[in-house]
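Nothing fancy with the numbering, it's 1 onward along the sequence.
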Amino acid sequence: ERVSAGQLRRVFSAPEFGRLRLVSFSGGEPLLHPELARIVTDAAAAFPRAAVVVLTGLFDTAGLKKFLKALPRPLLGRLLLGSSLDGPARVHDKMRGRAGAFAALKKNHAWLKVNFPRLSTGFTFTASSVNAAYFYEAWLSARELGAPLGLQFLAPNANTAGLELKAADKKALAAAIKAVLAAGAVSRTAAAQAVSLGAALKFLTGRTSRACGAGKTFFMLSPDGLFYLCPFHKEIIAPLA
């Protein structure tokens with residue numbers, strides 16, 4: 001299923017979304033959409049004060065180059081290109097299900113830094129039973145690449161069965177988070193990361209730092225044209241109209 005640029009322009013013009021501060025395109029792989037550059041350009045025009053994020057696997061070199069070269073140059077200063085970084089090479093490749101995924105990520109990220117120096121980049125570590133013990137190693141890899149690393153938890157669905165964090169995984173992940181916080185550099189980005197990781201530690205122990213933002217902070221649009229309010233509550237949906 002695919003939502004067209006024309007359909008999304010109608011969403012972008014809806015008054016309910018006039019004050020958006022963040023527009024994020026994820027997947028799957030957004031680079032597979034033939035109108036991605038048009039869609040991202042339309043979103044930037046519709047929401048001039050919003051940050052614009054595209055989350056990609058950083059594996060398709062040709063698709064990445066084609067997408068970035070099709071964007072208006074001023075937009076590059078507002079764009080954040082994010083990707084998954086799920087551990088050191090062996091673990092990352094296992095999580096991605098593709099041999100050479102880590103090597104391609106490093107190569108393409110280095111190319112981005114040279115050819116699009118104004119572009120912001122960042123990585124996300126999705127914690128699971130496969131990689132929970134490797135968060136500190138992933139953070140070191142991200143630091144070497146020169147981009148921040150965020151932490152997120154699996155949203156339950158048919159593809160995540162068996163990957164849920166068990167007690168031992170949570171303990172290992174908590175230890176890795178504490179190691180990152182102890183080694184973190186002093187910077188604005190590091191300070192923001194410390195707040196996020198502190199919230200993750202609370203989540204691991206069954207505590208939450210704030211109320212859920214489903215339907216208030218976040219609105220998500222699926223490829224088949226339905227809004228849903230939160231990755232953890234996909235059963236709560238509304239038609240595009």
Say whether, by atom type as modelled, one donor and one acceptor occur between the side chain of [X] and the main chain of [Y] under 3.5 angstrom.
X    : Y    : result
R21  : R19  : yes
E164 : G162 : yes
R78  : A44  : yes

If you round to the nearest 0.5 Å, how far is [atom2] of [Y] from [atom1] of [X]?
X    : Y    : atom1 : atom2 : result
K107 : L112 : NZ    : CG    : 12.0 Å
D60  : N108 : CG    : CG    : 8.5 Å
L68  : L119 : CG    : CG    : 6.0 Å
N131 : M95  : CG    : CE    : 4.0 Å
L71  : F116 : CG    : CZ    : 8.0 Å

For atom [atom1] of [X], is the number of surrounding heavy atoms from other residues, nucleotides or ligands below 6.0 Å larger than 12?
X    : atom1 : result
K178 : NZ    : no
Y134 : OH    : no
R49  : CZ    : no

Please examine the side chains of [Y] and [X], heavy atoms only from C-beta on, and report whether any two atoms are closer than 4.5 Å.
X    : Y    : value
F67  : P30  : no
L173 : F153 : yes
D42  : L8   : no
Q193 : L149 : yes
L204 : I177 : yes
F125 : L151 : yes
L58  : T121 : no
R2   : P34  : yes

> Are a donor atom and an acceptor atom from the side chains of E29 and T56 found within less than 3.5 Å of each other?
Replying inline: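 A donor-acceptor contact under 3.5 Å links the two side chains.
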> Only one of T126, V130, T124, L105 forms a side chain to side chain contact (heavy atoms under 4.5 Å, CB included) with D86, so which one is it?
Replying inline: T126
> Quick one: hydrophobic cluster around L22, which other residues, with the 4.5 Å side-chain cut-off, linked directly or via members?
Replying inline: V53, L55, L80
Which pair of heavy atoms, one from [X] and one from [Y], lies closest together, and at what distance?
X    : Y    : answer
D169 : S129 : OD2-CB, 3.4 Å
F135 : A176 : CB-CB, 3.9 Å
A183 : R143 : O-NH1, 3.9 Å
N115 : P117 : C-CD, 3.4 Å
A37  : A70  : CB-CB, 3.6 Å
V23  : A50  : CG2-CB, 4.2 Å

>> Please evaluate residues E137 and H92 with respect to the criterion side-chain contact (heavy atoms from CB on, under 4.5 Å), reporting the C-alpha separation (whole Å), side-chain torsions for both, the decisive distance (0.1 Å), and the verdict.
In response: CA-CA 11 Å; E137 287 85 345; H92 179 82; over 6 Å; no
>> Determine whether S141 and F123 satisfy the following criterion, side-chain contact (heavy atoms from CB on, under 4.5 Å), listing intermediate values before the conclusion.
In response: CA-CA 10 Å; S141 294; F123 297 109; over 6 Å; no
>> For a side-chain contact (heavy atoms from CB on, under 4.5 Å) check, start with the C-alpha distance between T61 and K65, then their side-chain angles and the critical distance, and finish with the verdict.
In response: CA-CA 6 Å; T61 305; K65 292 180 179 180; 3.6 Å; yes
> Is the F25 to H33 ring centre distance short of 6.0 Å?
Replying inline: no
>> Looking at F59, I'd like to know if the NZ or CZ of R96 sits under 6.0 Å from its six-membered ring centre while staying within 45 degrees of the ring's axis.
In response: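 Relative to the ring axis of F59, which defines the angle, R96 lies outside at least one limit.
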> Going through the distances and angles, do T41 and R38 end up as a side-chain contact (heavy atoms from CB on, under 4.5 Å)?
Replying inline: CA-CA 5 Å; T41 302; R38 176 74 268 162; 3.5 Å; yes
> Are L36 and L32 connected, step by step, through hydrophobic side chains (Ile, Leu, Val, Met, Phe, Trp, Tyr) whose heavy atoms are closer than 4.5 Å?
Replying inline: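 No, it is not one cluster - the side chains of L36 and L32 are not joined through contacts under 4.5 Å.
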